[in-house]
Undergrad: 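Mind having a look at this structure? Questions to follow.
In what follows, every chain begins at residue 1, and chains take the letters A, B, ... in the order their sequences are listed. Quantities reported herein were computed from a predicted structural model and do not represent experimental measurements. FYI, side chains are in, hydrogens and waters are out, and symmetry mates aren't considered; it's all heavy atoms of this structure.
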2 protein chains.
Amino acid sequence: MDGKPYIAQRPKRADGRRNYDAILAAARKAFESTGADASLEDIASQAGVAIGTLYRHFPTRASLVEAATRDGLENLVSHAERLSGAPDPLDALTAWMREAVAHFSTFRGLVGILARSMYDEGTPSHTMCNAMHRSGADLLRAAQAAGSVRPDLTPDELFDLLSGAAWVREQAAGGRDGSPRFLRLVLEGITIPRA
Amino acid sequence: MDGKPYIAQRPKRADGRRNYDAILAAARKAFESTGADASLEDIASQAGVAIGTLYRHFPTRASLVEAATRDGLENLVSHAERLSGAPDPLDALTAWMREAVAHFSTFRGLVGILARSMYDEGTPSHTMCNAMHRSGADLLRAAQAAGSVRPDLTPDELFDLLSGAAWVREQAAGGRDGSPRFLRLVLEGITIPRA
DNA sequence: TGACATCCTGAGGGTGCCTCAGATTAAATG
DNA sequence: CATTTAATCTGAGGCACCCTCAGGATGTCA
């Protein structure tokens with residue numbers, strides 16, 4: 001709402017950097033085992049740091065999540081760029097979509113945060129989400145130009161499908177693994193059979 | 001986990017029934033405006049009742065959610081039965097799916113609870129979810145028998161698609177309304193074009 | 001009018017969130 | 001090395017919510 005999303009950046013002093021890294025590591029572990037709503041106080045103590053220190057570096061839960069997932073999303077974007085000139089645009093798109101769903105469901109609760117960030121500026125992850133949106137849109141456009149994907153599918157819809165798939169995967173994470181199947185259905189639903 | 005899900009039932013004494021109803025009404029309002037994680041203490045005070053009374057009738061947040069949504073899901077099931085002999089099984093299925101998605105996204109957070117209940121017995125909503133599962137499976141089978149829907153789609157997958165759609169709708173509820181589009185994509189993806 | 005099962009109350013202990021005034025300490029400077 | 005300064009750290013404390021339970025209140029039935 002205030003227009004200036006807080007993006008966590010590594011602090012300057014040595015002890016600051018040490019703690020920043022320790023907190024990030026503890027957060028990754030906690031998020032993966034407990035979900036995006038893991039206790040921040042647990043994370044702080046796990047990192048051997050007082051709660052105030054955590055808040056100094058990551059004033060918001062969202063900013064911590066952003067920092068913990070930035071690498072993965074950056075990889076996703078750069079992978080898209082590497083795929084952008086692939087001989088078979090449909091293969092490229094499907095490979096990327098699989099990877100995207102995997103990243104979106106790194107831990108429970110992440111998709112929800114990303115989905116919100118996608119269209120809500122003023123959110124820490126919004127920038128990265130925008131970049132992803134662009135990469136995905138490029139791959140989609142290419143596949144559509146090649147006549148492999150229904151031409152009326154918009155990038156926004158693509159991301160709805162991706163996040164829906166990730167959410168289902170997230171839910172199923174405990175019991176049955178009905179997740180790769182979901183994406184396959186989606187893919188078969190949007191592709192145009194080769195003549 | 002303990003195998004005996006608690007299903008809220010109307011109490012016997014007059015004051016008990018009064019309070020039960022007041023709590024339920026307050027809960028519906030709160031869930032709709034705030035989501036499934038609305039404050040239980042707010043709900044209690046909104047119902048003019050002490051917090052202990054709320055817990056007496058609904059020992060668990062899940063049991064309160066179940067009670068608040070039971071009617072809607074019952075309607076959904078009975079509607080499926082009414083549709084079961086329809087002349088066009090595909091129309092019947094799609095109509096029912098639209099209605100299901102609408103019910104699943106009555107308020108923020110509901111789909112998640114239902115998705116969990118679907119495959120986790122010992123959950124208040126599990127019984128109702130099972131009934132829905134059966135109704136949906138019937139409609140699906142009919143549409144498949146008529147050659148209108150891909151024959152390899154399983155009921156479990158149908159519900160993954162439905163809950164995915166509901167989740168996306170739930171997310172989009174605030175801003176853009178990219179939700180009916182999602183279900184349309186899914187539907188077009190699973191149907192077999194008429195020859 | 002009892003008598004009793006049902007129901008209600010709200011204080012209290014527990015957890016997590018977030019802030020802030022004061023104590024520390026890394027690093028730059030002379 | 002001593003001093004200074006700005007960055008960093010600490011953790012008590014206020015707030016909100018969760019859930020429980022012992023004791024009080026009350027409707028119901030005979």
Undergrad: Quick one: is A:Arg13 getting a side-chain N or O under 4.0 Å of the C:dT25 phosphate, OP1 or OP2?
TA: no

Undergrad: Without decimals, in angstroms, what is the distance between A:Asn19 CG and D:dA7 P?
TA: 17 Å

Undergrad: When the distance from CG of B:Asp15 to C1' of C:dT9 is rounded to whole Å, what number comes out?
TA: 13 Å

Undergrad: So, do A:Tyr20 and A:Phe58 have ring centers that fall under 6.0 Å from each other?
TA: yes

Undergrad: Between A:Leu40 (CG) and C:dC18 (C1'), how many Å, whole number?
TA: 9 Å

Undergrad: What is the distance from OH of A:Tyr20 to C1' of D:dC9, rounded to the nearest Å?
TA: 17 Å

Undergrad: On DNA chain D, compare the nucleotides closest to A:Glu41 and A:Val49; which residue's is nearer the 5' end?
TA: A:Val49

Undergrad: Rounded to the nearest Å, what distance is computed from the CD1 atom of residue A:Ile43 to the C1' atom of nucleotide C:dC17?
TA: 13 Å

Undergrad: Look at the aromatic rings of A:Phe159 and A:Trp96 and report parallel, tilted or perpendicular, splitting at 30° and 60°.
TA: perpendicular

Undergrad: Under 4.0 Å from OP1 or OP2 of C:dC7: is there any side-chain N or O of B:His57 that close?
TA: no

Undergrad: Between P on D:dC19 and CG on B:Asp42, what's the gap in Å once rounded to a whole number?
TA: 14 Å

Undergrad: Using the side-chain heavy atoms of A:Arg56, tell me which of these nucleotides is nearest: D:dC18, C:dC7, D:dC9.
TA: D:dC9

Undergrad: With the side chain of A:Arg61 defined as its heavy atoms from C-beta on, choose the nearest nucleotide among C:dG10, C:dA27, C:dC17.
TA: C:dC17

Undergrad: Touch check for A:Gly52, heavy atoms < 4.0 angstrom, all strands: base, sugar-phosphate only, or nothing?
TA: base

Undergrad: Counting side-chain heavy atoms from C-beta on, which of C:dC7, C:dT19, D:dC9 comes nearest to A:Ile51?
TA: C:dT19

Undergrad: Tell me whether the OP1 or OP2 atom of D:dT10 has a side-chain N or O from A:Thr53 closer than 4.0 Å.
TA: yes

Undergrad: Would you call the rings of B:Trp167 and A:Trp167 parallel, tilted or perpendicular, taking 30° and 60° as the class edges?
TA: parallel

Undergrad: Would you indicate what B:Pro59 reaches in the nucleic acid, counting non-hydrogen atoms under 4.0 angstrom: base, sugar-phosphate, or nothing?
TA: nothing

Undergrad: Does A:Ser39 reach a base, just sugar-phosphate, or nothing at all? Heavy atoms under 4.0 Å.
TA: sugar-phosphate

Undergrad: Can you tell me how far C1' of D:dG11 sits from CG of A:Leu54, to the nearest Å?
TA: 14 Å

Undergrad: May I have the distance from A:Phe58 (atom CZ) to D:dT8 (atom P), rounded to whole angstrom?
TA: 12 Å

Undergrad: Charged N to carboxylate O under 4.0 angstrom, B:Arg108 versus B:Asp37?
TA: yes

Undergrad: Nearest to the side chain of A:Tyr55, which nucleotide is it out of D:dT8, C:dT19, C:dG16?
TA: C:dT19

Undergrad: Assuming nearest nucleotide by heavy-atom distance, tell me which of A:Asp37 and B:Gly48 is located more 5' along DNA chain C.
TA: B:Gly48

Undergrad: Do B:Leu187 and B:Arg98 touch side chain to side chain, with heavy atoms closer than 4.5 Å?
TA: yes

